[in-house]
Amino acid sequence: MIKTIAGTKDTLPIEIYKWHYLENLVRSVMKEFNYKEIRTPIFEETALFSRGIGESTDIVSKEMYTFMDRSETSLTLKPEMTASVVRSVLEHSLDKQQQLNKLYYISPMFRQERPQAGRYRQFHQFGAEALGASEPSLDAEMIILAYDVLKKLGLKSLDIKINSLGIPESREYYKTLLKKYLSDKTVHLSDESKKRLDTNILRIFDSKDETDQKIMEDAPLLLEHLDNDSLEKFERVKELLLLAQVPFEVDPRLVRGLDYYTNTTFEIISNSVGSQSALCGGGRYDLLANHIGDRNIPGVGFAAGIERILLACENENCLSINDENPYVYLIRLNKELVKETYNIGLKFRRAGISVELDYLNRSVKAQMREANRLNTRKALFVGGDEYENGEVVLKDMDTGDQEIIKISQLDGIIKKIKG
RNA sequence: GUGGGUAUAGCUCAGUUGGUUAGAGCGUCUGGUUGUGGCCCAGAAGGUCAUGGGUUCAAGUCCCAUUACUCACCCCA
């Protein structure tokens with residue numbers, strides 16, 4: 001038997017309503033904030049990601065699905081969306097048509113990691129990117145936007161962590177301070193962290209190793225060494241979050257893995273999922289456009305993991321009601337009336353009312369059981385004396401009440417149901 | 001890439017110190033008097049006990065290998 005490959009999964013009909021619900025919610029919140037949807041190809045030239053995300057990152061160095069096509073071009077399935085969106089804005093000069101572009105997406109992403117709870121090789125993200133302004137109001141808007149979606153789903157145990165990485169100049173200076181601080185402690189660091197000394201020293205803060213954490217407790221913090229402009233922007237982000245009544249905590253240790261971040265970074269964490277607890281992450285990337293293109297476009301954005309969010313919803317019992325069932329089930333009382341029943345069903349369907357009926361030649365009892373299983377609101381009986389008299393019987397499945405309706409009045413009934 | 005766990009019906013799982021024909025609940029299907037669901041009752045279908053080897057008179061059960069799944073590390077959504 002051929003099965004799905006590791007780290008991918010089928011989303012079966014029984015659970016699809018959750019995805020529809022989440023997707024609809026995302027679209028409506030995005031509309032409230034005036035973000036426009038953008039769709040980009042599932043694969044891009046490899047160079048876009050290696051340059052945009054950063055050669056030294058884990059994503060680029062070991063997690064990308066990269067392959068050659070027949071013309072020997074190196075292609076990569078998108079591992080994240082920001083680089084693609086920025087590429088698209090540059091390519092179509094959206095930044096020249098209007099100064100600020102507010103964009104959102106819902107899309108699959110691909111990373112070749114070892115799968116575990118809340119981590120898949122094909123996974124799905126929704127997210128937003130605002131390109132063309134470095135105003136802190138947009139940084140705050142990203143956090144508010146993401147938080148509103150999660151809140152509207154009914155999620156409770158959410159922690160928002162924010163930090164500022166400042167600008168490269170102050171960050172470089174700070175790195176020398178950190179190196180100096182660690183210089184006499186290097187031997188005590190974990191092997192992983194020793195490697196980070198050269199590749200990405202900031203990420204030693206992320207280490208889960210206990211001795212590492214102890215060492216880092218007294219380390220100098222980037223937040224204490226920001227330039228004045230970055231500090232002021234960070235203050236404004238915090239002000240706006242307070243005003244929006246979005247709870248957050250400043251986490252000076254929050255260091256995101258991607259190279260392109262400047263100033264604001266943030267993460268939304270849930271403690272009702274497994275160890276992959278980040279539902280959402282994002283930040284500002286004012287330098288990215290220049291990296292992959294020919295001009296500067298300041299930007300800020302976030303990405304949220306749909307599988308993780310749905311997992312959290314499951315564990316917190318949100319989204320438990322599936323309302324994607326047909327409205328009425330047609331019960332065929334006499335076997336000879338197959339065509340007639342089918343035709344009445346078609347009438348409902350073409351009028352925009354969702355209908356199911358029997359395709360298996362089953363007994364009336366079996367048809368009723370099916371109607372009950374589907375949880376339809378009504379059952380409509382076609383056949384017997386009533387049908388001979390030009391009538392059908394409409395039964396309410398909750399109350400059990402039945403009423404006799406002239407077939408000639410069916411159009412009116414349909415109108416009433418729709419109204 | 002590293003480490004732990006698991007593998008018996010469509011799903012969730014029992015299966016004793018190895019011992020006849022492998023079980024339950026849920027789900028599915030049929031029926032419980034002409035044409036009416038849920039609850040209840042009766043019945044039916046459904047299994048290469050992951051795969052391959054080994055030990056034994058005898059293996060779902062013990063041993064080894066393989067594969068798959070799963071959780072965690074690294075990192076991330």
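Letters A, B, ... are given to chains in the order of the sequence lines, protein chains preceding strands, and every chain is numbered from 1. On a predicted model such as this, the values are computed, not experimentally measured, just so you know.
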Exercise. Donor-acceptor pair, A/Arg308 side chain versus A/Ala278 backbone, under 3.5 Å?
Worked result: yes

Exercise. What's the CG-C1' distance between A/Leu12 and B/rG10, to the nearest Å?
Worked result: 12 Å

Exercise. Taking OH from A/Tyr261 and C1' from B/rC76, how many angstroms apart are they, rounded to a whole number?
Worked result: 10 Å

Problem set entry | Donor-acceptor pair (no angle test) under 3.5 Å: A/Gln367 side chain, B/rU36 base | no

Exercise. Do other residues, nucleotides or ligands put more than 12 heavy atoms under 6.0 Å from the CZ atom of A/Phe43?
Worked result: no

For this session: Using distance alone, with no hydrogens and no angle criterion, decide if A/Thr265 and A/Asn163 have a side-chain donor and acceptor under 3.5 Å apart.
Result: no

For this session: Write down the distance between CE (A/Met368) and P (B/rC39), rounded to a whole number of angstrom.
Result: 13 Å

For this session: Begin with the C-alpha distance, continue with both residues' side-chain angles, and end with the deciding distance and a verdict on side chain to side chain contact (heavy atoms under 4.5 Å, CB included) for A/Arg349 and A/Glu356.
Result: CA-CA 9 Å; A/Arg349 287 169 171 170; A/Glu356 188 53 300; 3.3 Å; yes

Exercise. Pairs in or reaching into residues 326-358 of chain A: which pass ring pair (Phe, Tyr, Trp, His ring centres under 6.0 Å), with residues at least two apart or in two chains?
Worked result: none

For this session: Could you work out the separation of B/rA9 and B/rA14 based on their P atoms and round it to a whole Å?
Result: 12 Å

Seminar exercise, completed: The nucleotide from B/rA77, B/rC29, B/rU28 with an atom nearest the side chain of A/Arg362 is B/rC29

For this session: State which of B/rC29, B/rA72, B/rG37 makes the closest approach to the side chain of A/Glu370.
Result: B/rC29

For this session: Give A/Arg332 one of three labels, base, sugar-phosphate or nothing, depending on what nucleic acid heavy atoms sit under 4.0 Å from its own.
Result: nothing

For this session: Give one of base, sugar-phosphate or nothing for A/Met397, where a contact means two heavy atoms less than 4.0 Å apart.
Result: base

Problem set entry | Identity of whatever pairs with B/rC26 - Watson-Crick or G-U, under 3.5 angstrom | B/rG10

Problem set entry | Any N/O donor-acceptor pair, A/Lys365 side-chain to B/rU36 base, under 3.5 Å | no

Seminar exercise, completed: Side-chain contact check for A/Gln116: nearest option of B/rU36, B/rA72, B/rC76 is B/rA72

Exercise. If you check the A/Ala366 side chain, which of B/rG35, B/rU30, B/rC73 turns out closest?
Worked result: B/rU30

For this session: Looking only at side-chain atoms of A/Lys62, point me to the closest of B/rU36, B/rG31, B/rC74.
Result: B/rC74

For this session: Give me the ring orientation class for A/His124 and A/Trp19: parallel if the planes are under 30° apart, tilted from 30 to 60°, perpendicular past 60°.
Result: perpendicular

Problem set entry | Value in whole Å for how far the C1' atom of B/rU67 lies from CD1 of A/Ile2 | 16 Å

Exercise. For B/rC73, which nucleotide in any strand shown is its Watson-Crick or wobble partner with both distances under 3.5 Å?
Worked result: B/rG1

Exercise. Quick one: A/Ile404 CD1 to B/rG35 C1', roughly how many Å, whole number?
Worked result: 13 Å

For this session: Report which part of the nucleic acid A/Glu307 touches: base, sugar-phosphate, or nothing (heavy-atom distance under 4.0 Å, all strands).
Result: nothing

For this session: Could you tell me the separation between the CD atom of A/Gln276 and the P atom of B/rU70, rounded to a whole number of Å?
Result: 14 Å

Exercise. Counting only Watson-Crick or G-U wobble pairs whose two distances fall under 3.5 Å, which nucleotide matches B/rU34?
Worked result: none

Exercise. Heavy atoms under 4.0 Å, any strand shown: does A/Arg111 hit a base, just sugar-phosphate, or nothing?
Worked result: base

Exercise. Looking across every strand, which nucleic acid part, if any, lies under 4.0 Å from A/Leu333 by heavy atom: base, sugar-phosphate, or nothing?
Worked result: base

Exercise. When the C1' atoms of B/rA7 and B/rU48 are considered, how many whole Å apart are they?
Worked result: 15 Å

Problem set entry | Which nucleotide in B/rG35, B/rC76, B/rA72 has an atom nearest any side-chain atom of A/Ala117 | B/rA72

Exercise. Between atom CH2 in A/Trp19 and atom C1' in B/rA77, what is the gap in whole Å?
Worked result: 11 Å

For this session: For A/Tyr329, answer base if it contacts any base atom (sugar-phosphate contacts may also be present), sugar-phosphate if it contacts only those atoms, and nothing otherwise; contact means non-hydrogen atoms under 4.0 Å.
Result: nothing

For this session: Describe the nucleic acid contact of A/Asp385 in one word from base, sugar-phosphate, nothing, applying a heavy-atom distance below 4.0 Å.
Result: base

For this session: Please measure how far the C1' atom in B/rG15 lies from the corresponding atom in B/rC57, and state the result in whole Å.
Result: 23 Å

For this session: Scan A/Gly118 against the nucleic acid and name what it touches under 4.0 Å (heavy atoms): base, sugar-phosphate only, or nothing.
Result: base

Exercise. If you take all heavy atoms of A/Asn296 and A/Asp286, which pair is closest and at what distance?
Worked result: OD1-O, 3.9 Å

Problem set entry | B/rU21 and B/rG47, which share atom name C1', separated by this distance in whole Å | 14 Å

Exercise. What is the distance, rounded to the nearest whole Å, between atom CG of A/Leu360 and atom P of B/rC29?
Worked result: 9 Å

For this session: Both distances under 3.5 Å, Watson-Crick or G-U wobble: report the partner of B/rA65, or none.
Result: B/rU51

For this session: Would you confirm whether A/Arg87, through its side chain, and A/Ile292, through its main-chain N or O, come within 3.5 Å as a donor-acceptor pair?
Result: no

Exercise. Between the base of B/rG32 and the side chain of A/Arg369, is there any donor-acceptor pair under 3.5 Å?
Worked result: yes

Exercise. When the nearest nucleotide of RNA chain B is assigned to A/Cys280 and to A/Asn372 on a heavy-atom basis, which residue is associated with the more 5' position?
Worked result: A/Asn372

For this session: Check the geometry between A/Phe123 and B/rA77 and answer yes if their rings are stacked (centres below 5.5 Å, planes below 30°), otherwise no.
Result: yes

For this session: Would you state whether a donor and an acceptor, one from the side chain of A/Gln112 and one from the base of B/rG1, lie under 3.5 Å apart?
Result: no

For this session: Using a 4.0 Å heavy-atom cut-off across all strands, classify A/Ala278 as base, sugar-phosphate, or nothing.
Result: sugar-phosphate

Exercise. Could A/Lys9 and A/Glu307 be called an ion pair, given the rule that one side-chain N must be under 4.0 Å from one carboxylate O?
Worked result: no

For this session: May I ask you to say what A/Ala379 touches in the nucleic acid, namely base, sugar-phosphate or nothing, with a heavy-atom cut-off under 4.0 Å?
Result: nothing

For this session: Scan A/Lys3 against the nucleic acid and name what it touches under 4.0 Å (heavy atoms): base, sugar-phosphate only, or nothing.
Result: sugar-phosphate

Exercise. Looking at B/rA77, B/rU2, B/rC29, which one has an atom nearest to any side-chain atom of A/Arg114?
Worked result: B/rU2

Problem set entry | Nearest-angstrom distance, P atom, B/rU66 to B/rG3 | 13 Å

Problem set entry | Strand partner of B/rU17, provided both Watson-Crick or wobble distances fall under 3.5 Å | none

Seminar exercise, completed: Any strand, both distances under 3.5 Å, Watson-Crick or G-U wobble: B/rU56 pairs with none

For this session: Using the P atom on both, measure B/rA22 against B/rC49 and round to a whole Å.
Result: 10 Å

Exercise. Using atom C1' of each nucleotide, how far apart are B/rU12 and B/rU6 to the nearest Å?
Worked result: 15 Å

Seminar exercise, completed: Note: for A/Asp398 and A/Ala303 on RNA chain B, the residue whose nearest nucleotide lies more 5' is A/Asp398

For this session: Establish, from distance only, whether the side-chain atoms of A/Lys152 and A/Ser28 form a donor-acceptor pair under 3.5 Å.
Result: no

Exercise. Looking across every strand, which nucleic acid part, if any, lies under 4.0 Å from A/Gln402 by heavy atom: base, sugar-phosphate, or nothing?
Worked result: base

Problem set entry | P spacing across the pair B/rA45 / B/rG53, given as an integer number of angstrom | 31 Å

